[in-house]
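Have a look at the structure below, then the notes.
Reminder, nothing fancy here: chain letters follow the sequence lines and each chain counts from 1.
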2 protein chains.
Amino acid sequence: MIQPASPILAPQRRELIRSLVKDEGIVRVEDLRQNLKVSVATIRRDLEILEENGKLQRIHGGAVTMENRLEEAVFDDKTNQASTEKGRIAEEACKLIGKGDSVYLDGGSTTLGLARLLKDRTDLTLVTNSLRAAAELADSGPKVLLIGGELRRISQTMVGPLTSGVLGQVHVDKAFMGTMGFCLRSGLTTTDPNEAYVKNLVADQAGQVILLADSGKAEKVSFARVSDWDAIDVLVTDGNLPKLFAKSLRKRGLKVLLA
Amino acid sequence: MIQPASPILAPQRRELIRSLVKDEGIVRVEDLRQNLKVSVATIRRDLEILEENGKLQRIHGGAVTMENRLEEAVFDDKTNQASTEKGRIAEEACKLIGKGDSVYLDGGSTTLGLARLLKDRTDLTLVTNSLRAAAELADSGPKVLLIGGELRRISQTMVGPLTSGVLGQVHVDKAFMGTMGFCLRSGLTTTDPNEAYVKNLVADQAGQVILLADSGKAEKVSFARVSDWDAIDVLVTDGNLPKLFAKSLRKRGLKVLLA
DNA sequence: GCGTTTTTGATCGTTTTTGAAAGAAACGCA
DNA sequence: TGCGTTTCTTTCAAAAACGATCAAAAACGC
């Protein structure tokens with residue numbers, strides 16, 4: 001049966017606009033009016049609602065995706081200061097994730113970069129203690145499990161003994177860890193003992209432990225000891241790592257990947 | 001759609017609507033009226049029933065599948081909607097919190113309002129399954145513990161059996177719970193069984209269980225049963241709650257506060 | 001068959017959505 | 001900067017959809 005131009009329901013129309021913005025990156029009010037056969041007033045109202053819901057960002061004459069916001073671009077640069085290196089490390093790490101894997105994602109900027117690469121990986125199960133990683137994947141992506149625990153404000157991660165509650169009940173194939181410093185003698189260190197506690201718990205039970213750290217962290221030692229090198233299976237870092245350092249780690253049985 | 005000469009039975013019609021919504025993703029009241037040859041009043045009643053049974057989600061002019069329901073649109077509408085009432089409810093609830101208390105904060109818009117009022121309460125320990133509540137208190141406020149668990153995207157809460165890991169290790173003086181519907185006969189109900197599971201765990205071990213719900217939720221029944229009224233100690237709602245309702249609850253031993 | 005309960009359709013007042021119009025603000029260009 | 005044009009916000013009224021209520025119709029049990 002052919003419908004004589006059956007009108008579209010309001011929520012359906014808004015969903016249409018939302019996906020259009022997502023696909024095109026930008027839409028114009030006038031285009032929407034012609035395509036959707038409603039008045040500009042209605043279009044504007046729709047955009048207003050969608051903006052309130054955080055689905056898009058209105059601009060003069062139309063709307064753009066949240067990602068396209070200038071503001072956000074600035075912000076992203078900040079988090080990725082050494083963004084080229086950290087981004088490359090994240091991309092390299094991403095290649096290590098197989099289909100259907102269950103992975104743990106530690107807190108930190110490098111691992112956060114990895115989280116951004118997983119938005120389409122609905123095949124994965126992701127365990128994390130990072131609120132930012134969870135926020136990054138809030139709308140789509142893998143199944144997300146958060147470990148509980150005390151919120152450490154500065155890093156926006158969950159730490160401390162309570163984390164054992166959930167961590168004791170799950171297993172991950174691969175754990176991607178961050179660190180504040182790594183050193184041949186002292187192993188891995190971080191600033192907060194509670195944070196270290198979690199990293200240890202994870203490392204203990206993960207099938208494979210993969211450390212993501214830019215070369216700037218090499219030979220840096222922080223306050224809280226996390227673990228020795230034998231807890232680590234793979235190190236993904238950048239090409240500026242001293243060759244002797246890499247060689248020494250490889251002799252200890254680690255796989256060292258330079259992004 | 002082909003019509004039998006004889007009228008069809010009501011349950012048969014509803015099943016038809018249900019499968020239509022499932023297939024099409026969206027249906028319009030007017031279309032249903034024409035195809036089913038019944039009045040709009042009947043269609044509306046059918047949709048109402050199907051919605052109560054969790055089979056679909058009503059929207060202005062029709063209905064959509066539960067999967068299609070415009071995610072945050074639903075949630076955010078709620079945060080804005082009766083915001084004055086919810087704000088008052090939150091303020092009233094806030095008065096119940098004593099110095100140094102440990103409190104649990106459930107997910108939902110009303111409890112989120114309460115979270116906003118706690119930014120200066122550094123004396124508290126707050127346990128929550130809500131990422132939004134945690135985000136609200138990300139910079140300052142009480143000590144925050146998050147329970148772990150699977151991330152439920154639509155509500156941005158952690159749900160499911162894994163939550164028992166942390167919840168088993170903590171005790172809270174007061175638990176502030178939200179709900180999708182509360183009803184004298186059916187008690188408390190919500191949309192997701194995993195969500196209900198968490199609410200139950202919390203209610204079981206909290207010193208005092210305080211339900212925050214605007215009167216619009218009264219006599220609404222959702223899909224997943226949470227608990228009976230005897231699990232609740234205090235109900236904080238608004239003045240629009242039918243007096244008989246309040247009276248009946250008080251008779252059952254609940255404290256009913258009208259904000 | 002008859003009284004009762006359930007279902008249905010109609011009506012009315014209310015809420016939501018929509019489109020139009022007028023003044024304000026932003027933009028492009030000289 | 002100033003000016004014309006486009007776009008935006010605000011406001012209002014019409015239209016569509018809604019919930020509540022009531023009476024008629026149908027289904028039901030005995």
Side-chain angles (χ1 to χ4, degrees), chain A residues 3-18 21 26-53 56-64 69-71, chain B residues 3-18 21 26-53 56-64 69-70 73-74 76-85 181 183 214-221 240-242 244-245:
Chain A
Q3 286 297 328
S6 99
I8 298 180
L9 257 43
Q12 194 179 9
R13 186 185 55 237
R14 289 192 269 269
E15 179 62 19
L16 204 55
I17 294 176
R18 196 187 66 78
V21 172
I26 184 169
V27 291
R28 294 168 0 99
V29 171
E30 182 58 22
D31 292 342
L32 292 174
R33 185 192 65 78
Q34 289 180 11
N35 289 326
L36 299 173
K37 317 279 190 198
V38 291
S39 70
V40 288
T42 302
I43 297 290
R44 287 189 219 290
R45 268 185 286 251
D46 286 344
L47 293 180
E48 195 179 354
I49 291 170
L50 289 166
E51 183 176 42
E52 277 177 11
N53 293 351
L56 49 77
Q57 167 84 32
R58 291 186 70 184
I59 58 173
H60 197 85
V64 297
R69 291 185 312 181
L70 188 61
E71 201 189 331
Chain B
Q3 277 308 308
S6 67
I8 53 180
L9 270 49
Q12 197 179 354
R13 187 186 54 238
R14 290 188 201 114
E15 178 58 25
L16 201 54
I17 294 176
R18 198 189 64 77
V21 171
I26 184 169
V27 291
R28 304 188 314 126
V29 171
E30 182 56 24
D31 290 343
L32 292 174
R33 185 192 65 78
Q34 288 180 15
N35 289 326
L36 299 172
K37 315 281 190 201
V38 290
S39 70
V40 288
T42 302
I43 298 291
R44 285 191 225 290
R45 268 185 287 251
D46 287 344
L47 293 181
E48 195 179 355
I49 291 169
L50 289 166
E51 183 178 43
E52 278 177 7
N53 293 348
L56 49 76
Q57 165 87 32
R58 291 187 70 183
I59 59 176
H60 197 87
V64 296
R69 79 200 144 150
L70 289 315
V74 178
D76 271 27
D77 270 0
K78 274 193 218 147
T79 41
N80 303 338
Q81 207 179 32
S83 62
T84 53
E85 281 169 5
C183 165
D214 60 282
S215 60
K217 308 252 177 77
E219 296 301 349
K220 292 267 162 59
V221 180
N240 296 329
L241 188 79
L244 265 173
F245 203 117

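- Taking 4.0 Å as the cut-off between side-chain N and carboxylate O, A/Arg18 and A/Glu15 count as a salt-bridged pair.
- Scanning for side-chain hydrogen bond (donor to acceptor under 3.5 Å, both in side chains) contacts around A/Arg33 gives A/Glu30, with sequence neighbours left out.
- Using a 4.0 Å heavy-atom distance criterion, B/Ile49 is classed as making no nucleic acid contact.
- For the pair A/Ile59 and A/Ile26, the minimum side-chain heavy-atom distance is below 4.5 Å.
- D/dT9 atom P lies 11 Å from atom CD of A/Glu52, rounded to whole Å.
- One can place CD of A/Glu48 at 13 Å from P of D/dT11, the figure rounded to the nearest angstrom.
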Discussion item. Applying side chain to side chain contact (heavy atoms under 4.5 Å, CB included) to B/His60 and A/Leu9, what does each step give before you reach the verdict?
Written reply: CA-CA 8 Å; B/His60 197 87; A/Leu9 257 43; over 6 Å; no
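- With values rounded to the nearest 0.5 angstrom, A/Thr42 atom OG1 is found 9.5 Å from A/Arg14 atom CZ.
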Listed pairs, N/O of protein and of nucleotides 13-19 of chain C, under 3.5 Å:
| from | atom 1 | to | atom 2 | distance (Å) |
| --- | --- | --- | --- | --- |
| C/dT18 | OP1 | A/Arg13 | NH1 | 3.1 |
| C/dT18 | OP1 | A/Arg13 | NH2 | 3.2 |
| C/dT18 | OP2 | A/Arg13 | NH2 | 3.2 |
| C/dG19 | OP2 | A/Ser39 | N | 3.1 |
| C/dG19 | OP2 | A/Ser39 | OG | 3.0 |
| C/dG19 | OP2 | A/Thr42 | OG1 | 2.4 |
| C/dG19 | O5' | A/Ser39 | OG | 3.4 |
| C/dG19 | N7 | A/Arg45 | NH2 | 2.6 |
| C/dG19 | O6 | A/Arg45 | NH1 | 3.4 |

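- Counting non-hydrogen atoms under 4.0 angstrom, B/Arg58 reaches the backbone sugars and phosphates but no base.
- Partners of B/Arg58 by side-chain hydrogen bond (donor to acceptor under 3.5 Å, both in side chains), not counting sequence neighbours: none found.
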